*Asks:* 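Supplied in structure tokens, the structure appears directly below.
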Amino acid sequence: MRILLSIFLATSSVLAWAGDVTVSSPSGQLQVTVSEAGGRVSYSATLEGQQVILPSALGLKTSIGDLTKGLTIVDTKTGAVDEHYTMRGTKASSADYKANTLTVNLKNHEYRVFSILFQVSDHDIAFRYEIPRQKVGPSEVKRARILSEASSFNFPEGTTTFISPQIGPESGWEQTKPSYEEGYSNDTPMDTPSQYGHGYIFPALFHLPNGWALVAETGVGSNYCGSHLSDYQAGCGYTVAYPDRGENNGFGADFAGIPLPGETPWRTITVGKTLKPIAETTISYDLVKPLYEPSTDYKPGRYTWSWLLWQDNSVNYEDQVKFIDLASTMGFEYCLVDNWWDTQIGRDRMPELSKYAQSKGVHLLLWYNSNGFWNDAPQTPRNCMNTAFAREREMKWLQSIGVKGIKVDFFGGDKQETMRLYEDILSDANRYGLQVVFHGCTIPRGWERMYPNYVASEAVLASENLFFGEGATFSEPFDLTLHPFCRNATAAMDWGGIIMNKWMSRDNKSRHTRKTTDIFEMASGLIMQTSVQCVAMQPNNLEELPKFEMDFLRQLPTTWEETRFIDGYPGKYVVLARKATNGQWYIAGLNAQKEPLTLTLNLMLGSGPEIKFSKLYIDNKQGEPTLCPLKADKKGFVKVTIQPNGGLIIQ
């Protein structure tokens, strides 16, 4: 990893404060204003001169004092950040982050001091709080509890939402929630109460009267608790909320603890007149740094997974051989062996299964329960990931038998105690060359850059629900045309399967049907972003799918040099262009609407050298997959029609 960082500080101090202070993006089009009135501090923002964030509260309540009221701006400092970095496993393999900075130094009426740091790039606002060591009475305070946060996001009247409710602790199946697996609103008014009365999760997408805004947080590891949004309050907006006391089975604090000097994670708002800045943002990674070096060259790729449609009974030696053989036939790198492998295959036989997989050019990924007392999920293996001693023993064994990754499931919420467990699993796994996927979990917050062996998290109402109930098959098109602008915009997402079976069953003849076309599913592999992608083919697909579908899936890329937004609307349709790290460009589209969608696409993709496209994968009027030569006009435009619940791939 090569990181070039230049910070140019042009400081200005204002000792006798009067009026507001502003900071603008490098282009000057996005401007943030910080105001102090009546002892309260707030911020607001305009984009191209139009209000996108109304006055929104700032401040913290801490163990060293109330930093939300009785505040005075002492002085300010401005500067700039200019950073280039490279990264694996995200929507772009490199990024250039340029932002102007504003540090606002404050004190309260008890002379407790702290700062708020803003960084404003052309479409992203980020801020965090910084607290120095300081005298409180006769002693120097060297640590602080952050009890609550006043930070809010107040959008103009008429804004609608694409947001998902936070659910209460120890709810859901076997008390495994919250796990970020609830549905999303669809252009819903802000004042609609949250479904469970616990507010809403990050990331949260807002459709403003004059544009779009995506709110999230980044830089949360063992250093802090995870946060979410409160319910909407008229005139105030949404406020940052900390974990429920009952999360993690009640164990651990519902606040954050930091050493001093110390800082909070970053709160981020991505804004745009269109959805382009939302789909293309890298702000989650721009603000964080790698916490350790990778111990090996972690490989991206595709994996097969028996459990999605064959379920628990398939986790036996013979069935796993079938899915290893399937991965080998398709040229996929991995096969995921899910829960109960330790009892239904047997720990003693796993070296043999792993050796067989390697003989076929495939490596295993193994499932684990996060364990501890924070859930009642019975699935095994248990007691392998919840303590340092257990992880050391297990991961050393995994490395010795050639396993290349783990999937850890069923976590306990967003408390700092739980965030520490995520980080411990990741850092320990890195010592043994293991990549990590999390399920039944919180959202990642900059983790692809912070932890080089991190792959993705579920943290979404994912593909397994297509098997569990037919309702999810109807909502799949909505979900997968929403997430490029929301959940998947800020972090890698393990949706868990490009499903090629027509029926949600092992025999591909029973239960309920998939409602999307084959081209939709294939295109979803380009729309969904994760460096280790599940292609949930079944052995029967080898005889059932057209050759051109098989050929496409065999060469499906999972890592990207560049991502460009072309067109779309959350929950209706999406068209993205991605350049794979092998240099090949793709354009992929999904249509979630009930009517065919006709678009005229510009294949020139803006500035830069001409890109050669030659193939068009698209559904015919009957929803059947076709592959045909691409015919564009002399100016590089092509007219296409994407069928309902259908897809588009241009290669």
Side-chain angles (χ1 to χ4, degrees), residues 163-184 194-204 216-217 220 225-229 241-252 254 307-308 338-339 367-379 382 385-386 406-423 425-426 436-445 447 454-469 471-472 475 479 482-483 486-488 490-497 530 534:
I163 51 180
S164 178
Q166 175 75 308
I167 196 169
E170 297 188 78
S171 56
W173 182 78
E174 296 286 358
Q175 292 75 54
T176 55
K177 292 190 176 186
S179 54
Y180 289 70
E181 297 179 16
E182 313 311 314
Y184 279 76
S194 61
Q195 184 176 354
Y196 306 104
H198 291 269
Y200 299 94
I201 66 170
F202 291 127
E217 69 176 357
V220 184
C225 60
S227 304
H228 59 279
L229 294 176
Y242 286 178
D244 189 290
R245 183 170 297 178
E247 291 181 23
N248 205 45
N249 199 13
F251 182 75
D254 56 349
W307 184 88
L308 183 63
D338 216 274
N339 56 198
W367 184 98
Y368 287 88
N369 195 328
S370 76
N371 211 51
F373 68 107
W374 42 84
N375 73 70
D376 293 334
Q379 284 90 337
R382 297 172 60 89
M385 293 292 143
N386 59 320
I406 56 176
K407 171 183 169 182
V408 189
D409 210 338
F410 304 133
F411 288 82
D414 287 341
K415 288 182 175 180
Q416 191 169 358
E417 183 74 22
T418 309
M419 294 296 169
R420 184 176 295 110
L421 177 62
Y422 287 113
E423 184 170 283
I425 291 171
L426 285 160
V436 182
V437 174
F438 293 120
H439 269 227
C441 58
T442 192
I443 59 162
R445 296 162 165 90
W447 291 359
Y454 170 77
V455 174
S457 295
E458 182 185 33
V460 71
L461 193 64
S463 63
E464 63 193 42
N465 293 281
L466 305 183
F467 175 87
F468 294 149
S475 64
D479 291 337
L482 166 65
H483 292 315
C486 193
R487 166 65 181 85
N488 211 188
T490 61
M493 179 180 76
D494 190 44
W495 164 259
T530 175
C534 178

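Treat the numbers as computed from the prediction; the structure is a model and nothing was measured.
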*Asks:* Please identify each residue that fulfils side-chain hydrogen bond (donor to acceptor under 3.5 Å, both in side chains) with Trp447, with sequence neighbours left out.
*Replies:*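 With neighbours one apart ignored, the set is empty.
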*Asks:* Does anything in residues 173-182 form a salt bridge (Lys or Arg N to Asp or Glu O under 4.0 Å)? List the pairs, not counting sequence neighbours.
*Replies:*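 Matches after skipping sequence neighbours: Lys177-Glu182.
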*Asks:* Can you list everything that forms a side chain to side chain contact (heavy atoms under 4.5 Å, CB included) with Gln379? Sequence neighbours excluded, please.
*Replies:*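 Gln379: side chain to side chain contact (heavy atoms under 4.5 Å, CB included) contacts with Trp173, Asn339, Trp340, Trp367, Ala377, Phe410.
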*Asks:* Which residue pairs pass the side chain to side chain donor-acceptor pair (under 3.5 Å) test when at least one of the two sits in residues 458-467, sequence neighbours left out?
*Replies:* His439-Glu458
*Asks:* Report the distance from atom CG of Leu229 to atom CD1 of Ile201, rounding to the nearest 0.5 Å.
*Replies:*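 Taking CG in Leu229 and CD1 in Ile201, the distance rounds to 9.5 Å.
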*Asks:* Are side-chain heavy atoms of Met493 and Val460 found at a separation under 4.5 Å?
*Replies:* yes
*Asks:* Please list, chain by chain and in numerical order, all residues satisfying ring pair (Phe, Tyr, Trp, His ring centres under 6.0 Å) with Phe411, sequence neighbours excluded.
*Replies:*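 With neighbours one apart ignored, the set is Tyr422, Phe438.
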*Asks:* Within the 3.5 Å criterion, strictly below it, is a donor on Asp414 or Tyr180 matched to an acceptor on the partner's side chain?
*Replies:*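 Side-chain D/A pair, Asp414 to Tyr180: present.
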*Asks:* Working to the nearest 0.5 angstrom, can you tell me the gap between Asp494 CG and Thr530 OG1?
*Replies:*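 That separation rounds to 5.5 Å.
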*Asks:* What distance do Tyr184 atom OH and Ser164 atom OG have between them, rounded to the nearest 0.5 Å?
*Replies:* 5.0 Å
*Asks:* Thr418: what forms a side-chain hydrogen bond (donor to acceptor under 3.5 Å, both in side chains) with it, not counting sequence neighbours?
*Replies:* Asn248
*Asks:* Evaluate the criterion side chain to side chain contact (heavy atoms under 4.5 Å, CB included) for residue pair Val220 and Gln416; output intermediate values, then yes/no.
*Replies:* CA-CA 9 Å; Val220 184; Gln416 191 169 358; over 6 Å; no
*Asks:* Once side-chain hydrogen bond (donor to acceptor under 3.5 Å, both in side chains) is applied, do any residues pair with Thr176, and if so which ones, sequence neighbours excluded?
*Replies:*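 Result, side-chain hydrogen bond (donor to acceptor under 3.5 Å, both in side chains) vs Thr176: none returned.
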*Asks:* Should Phe202 and Ser227 be marked as a side chain to side chain contact (heavy atoms under 4.5 Å, CB included) after you check the CA-CA gap, both sets of side-chain angles, and the distance that decides it?
*Replies:* CA-CA 8 Å; Phe202 291 127; Ser227 304; 4.0 Å; yes
*Asks:* Do Asn369 and Arg382 make a side-chain contact, defined as non-hydrogen atoms from C-beta onward lying under 4.5 Å apart?
*Replies:* yes
*Asks:* How many angstroms lie between atom CG of Leu466 and atom OG of Ser475, to the nearest 0.5 angstrom?
*Replies:*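 Those atoms lie 7.5 Å apart.
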*Asks:* Would you give the length of the straight line joining atom OH of Tyr200 to atom CD of Gln195, rounded to the nearest 0.5 angstrom?
*Replies:*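 With rounding to 0.5 Å, OH (Tyr200) is 9.0 Å from CD (Gln195).
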*Asks:* Asp479: what forms a salt bridge (Lys or Arg N to Asp or Glu O under 4.0 Å) with it, not counting sequence neighbours?
*Replies:*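 If we apply the salt bridge (Lys or Arg N to Asp or Glu O under 4.0 Å) test to Asp479, skipping adjacent residues, there are no hits.
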*Asks:* Taking Gly199's backbone N and O only, do any of them form a donor-acceptor pair with Ser194's side chain (distance below 3.5 Å, no angle check)?
*Replies:*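 Judged by distance alone, yes, a pair lies under 3.5 Å.
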*Asks:* Suppose we screen for ring pair (Phe, Tyr, Trp, His ring centres under 6.0 Å). Which residues come up paired with His228, at least two apart in sequence or across chains?
*Replies:* none
*Asks:* Does any non-hydrogen side-chain atom of His198 lie less than 4.5 Å from one of Pro169?
*Replies:*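 With C-beta onward as the side chain, the pair touches.
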*Asks:* Before giving the answer on side chain to side chain contact (heavy atoms under 4.5 Å, CB included), spell out for Asp409 and Tyr368 the whole-Å C-alpha distance, their side-chain angles and the decisive distance to 0.1 Å.
*Replies:* CA-CA 6 Å; Asp409 210 338; Tyr368 287 88; over 6 Å; no
*Asks:* Taking Arg245's backbone N and O only, do any of them form a donor-acceptor pair with Lys415's side chain (distance below 3.5 Å, no angle check)?
*Replies:* yes
*Asks:* Backbone N or O of Pro203 within a donor-acceptor pair of the Arg487 side chain at under 3.5 Å?
*Replies:*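 Not at all, since once roles are kept as given, no pair shorter than 3.5 Å links the two residues.
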*Asks:* Is Glu217 paired with Arg445 through a side-chain N to carboxylate O contact shorter than 4.0 Å?
*Replies:* yes
*Asks:* Any non-hydrogen side-chain atom of Pro178 less than 4.5 Å from a side-chain atom of Glu247?
*Replies:*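 Answer yes - side chains close enough.
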*Asks:* Show, in sequence, the C-alpha distance, side-chain angles and deciding distance for Asn249 and Gln175, and conclude whether the side chain to side chain contact (heavy atoms under 4.5 Å, CB included) test is met.
*Replies:* CA-CA 9 Å; Asn249 199 13; Gln175 292 75 54; over 6 Å; no
*Asks:* Taking only residues two or more places apart in sequence or in another chain, which ones pass side-chain hydrogen bond (donor to acceptor under 3.5 Å, both in side chains) with Tyr454?
*Replies:*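 Result, side-chain hydrogen bond (donor to acceptor under 3.5 Å, both in side chains) vs Tyr454: Ser457.
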*Asks:* Mind checking ring pair (Phe, Tyr, Trp, His ring centres under 6.0 Å) for Tyr196 and listing every partner two or more places apart, or none if nothing turns up?
*Replies:*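 Checked Tyr196 against ring pair (Phe, Tyr, Trp, His ring centres under 6.0 Å); zero matches.
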*Asks:* About how many Å separate CD1 of Ile167 and CG of Asp244, when rounded to the nearest 0.5 Å?
*Replies:*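 It is 11.5 Å, given to the nearest 0.5 Å.
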*Asks:* In plain terms, say whether Arg420 and Glu417 are close enough for a salt bridge, that is, a side-chain N and a carboxylate O under 4.0 Å apart.
*Replies:* yes
*Asks:* Salt bridge (Lys or Arg N to Asp or Glu O under 4.0 Å) with Asp338: which residues, sequence neighbours excluded?
*Replies:* Lys407
